[in-house]
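For reference, the structure is listed below as structure tokens.
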Amino acid sequence: MSRGGVNKRLDDAEEATLVLYCWRLIMLGDNPGRKDIEAAANSILRAAGKKKVSKPWLTRWLNNHKALLKPRTSKPLAAERKAAHEEADILEHFRKFDSTMKEYYIKKTNCWNFDETGWRIGILNGRLVFTFPDVSAVYMEDLDTRETLTSIEACNAAGEYAPSMLILLGIEL
């Protein structure tokens, strides 16, 4: 037996406000997660002087809005770029690189490779977010806009190396 919307936590106007909030976040490229949607619903209810949503409320609300929101695991854009590389392209690059080294008489001791790796501090790699049903992938913001810890290593083609470095956020004293 269906209760037909009896005892709904949000009234129609509040429901429309929450849907609009989710839609705007998606359009801005900041897809909402479960906590975002729940926090927004509680904020709407708090403004109306009502009690917060219950623990199972969000799951029911998401099930009722499958036409609007679909869960996707976000992934950093860098992972998509990495997957786009073809082995043949990489082999051709290094064939040209070797040819250029020979053409310009570049010594192995003068050919250095610097490798930089950054870690986002306190931010998960991928999180479950909700988006429009016809969206097949959700990308996180550019990693360069976040605070990071950076590791730098360098070695040359002769096997020599420079000491590794860690770069942290600087502060002015």
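Just so we're clear, the structure is a prediction, and the values are computed from it rather than from any experiment. Atom set for the values below is all heavy atoms of this structure, side chains included, hydrogens, waters and symmetry mates excluded.
- Using a 4.5 Å heavy-atom threshold, the side chains of Tyr161 and Asn113 count as separate.
- Side-chain contact between Leu25 and Asn31 is absent, with no heavy-atom pair separated by less than 4.5 Å.
- Thr109 and Asn156 make their closest contact through O-ND2, 3.3 Å (heavy atoms, listed as atom of the first residue, atom of the second, distance).
- One finds a salt bridge joining Glu14 and Lys50 here, because a Lys/Arg side-chain nitrogen approaches an Asp/Glu carboxylate oxygen to under 4.0 Å.
- A salt bridge does not link Lys35 with Glu38: none of the charged nitrogens is closer than 4.0 Å to a carboxylate oxygen.
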Please walk me through it: do Lys66 and Leu62 pass side chain to side chain contact (heavy atoms under 4.5 Å, CB included)? CA-CA 6 Å; Lys66 286 182 180 178; Leu62 290 168; over 6 Å; no
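- Using a 4.5 Å heavy-atom cutoff, the side chains of Lys96 and Ser99 are not in contact.
- No side-chain heavy atom of Glu116 sits under 4.5 Å from any side-chain heavy atom of Ser151.
- Of the possible polar contacts, one joining the Asp36 side chain to the Gly33 backbone as a donor-acceptor pair under 3.5 Å is found.
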Begin from the C-alpha positions of Ile44 and Leu18 and carry the test side chain to side chain contact (heavy atoms under 4.5 Å, CB included) through to its verdict. CA-CA 8 Å; Ile44 292 166; Leu18 184 57; 4.0 Å; yes
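- Residues satisfying the salt bridge (Lys or Arg N to Asp or Glu O under 4.0 Å) test with Lys102, not counting sequence neighbours, are Asp98.
- What you find for Val53 and Arg9 is that their closest heavy atoms are CG1-CG, 3.7 Å.
- Contact of the Phe97 side chain with the Ile106 side chain is not registered, since no non-hydrogen atoms from C-beta on lie closer than 4.5 Å.
- Under 3.5 Å, the side chains of Trp61 and Glu15 contain a donor-acceptor pair of N or O atoms.
- Connection of Trp112 to Met101 is not established within any shared hydrophobic cluster, with ILVMFWY side chains joined at heavy-atom distances below 4.5 Å, either directly or through further cluster members.
- With hydrogens and angles disregarded, no donor-acceptor distance shorter than 3.5 Å links the side chain of Ser43 to the backbone of Ala39.
- Taking 4.5 Å as the limit, some side-chain heavy atom of Arg34 sits within range of a side-chain heavy atom of Thr59.
- Of all the heavy atoms in Ser54 and Arg60, the pair that sits closest is OG-NH2, 3.9 Å.
- Side chains of Leu69 and Ile37 form a contact here, defined as non-hydrogen atoms less than 4.5 Å apart.
- Two residues are said to be in side-chain contact when any heavy atoms from C-beta on lie closer than 4.5 Å; Pro32 and Ile26 meet this criterion.
- We find the NZ-CG distance between Lys52 and Asn42 to be 6.0 Å, quoted to the nearest 0.5 Å.
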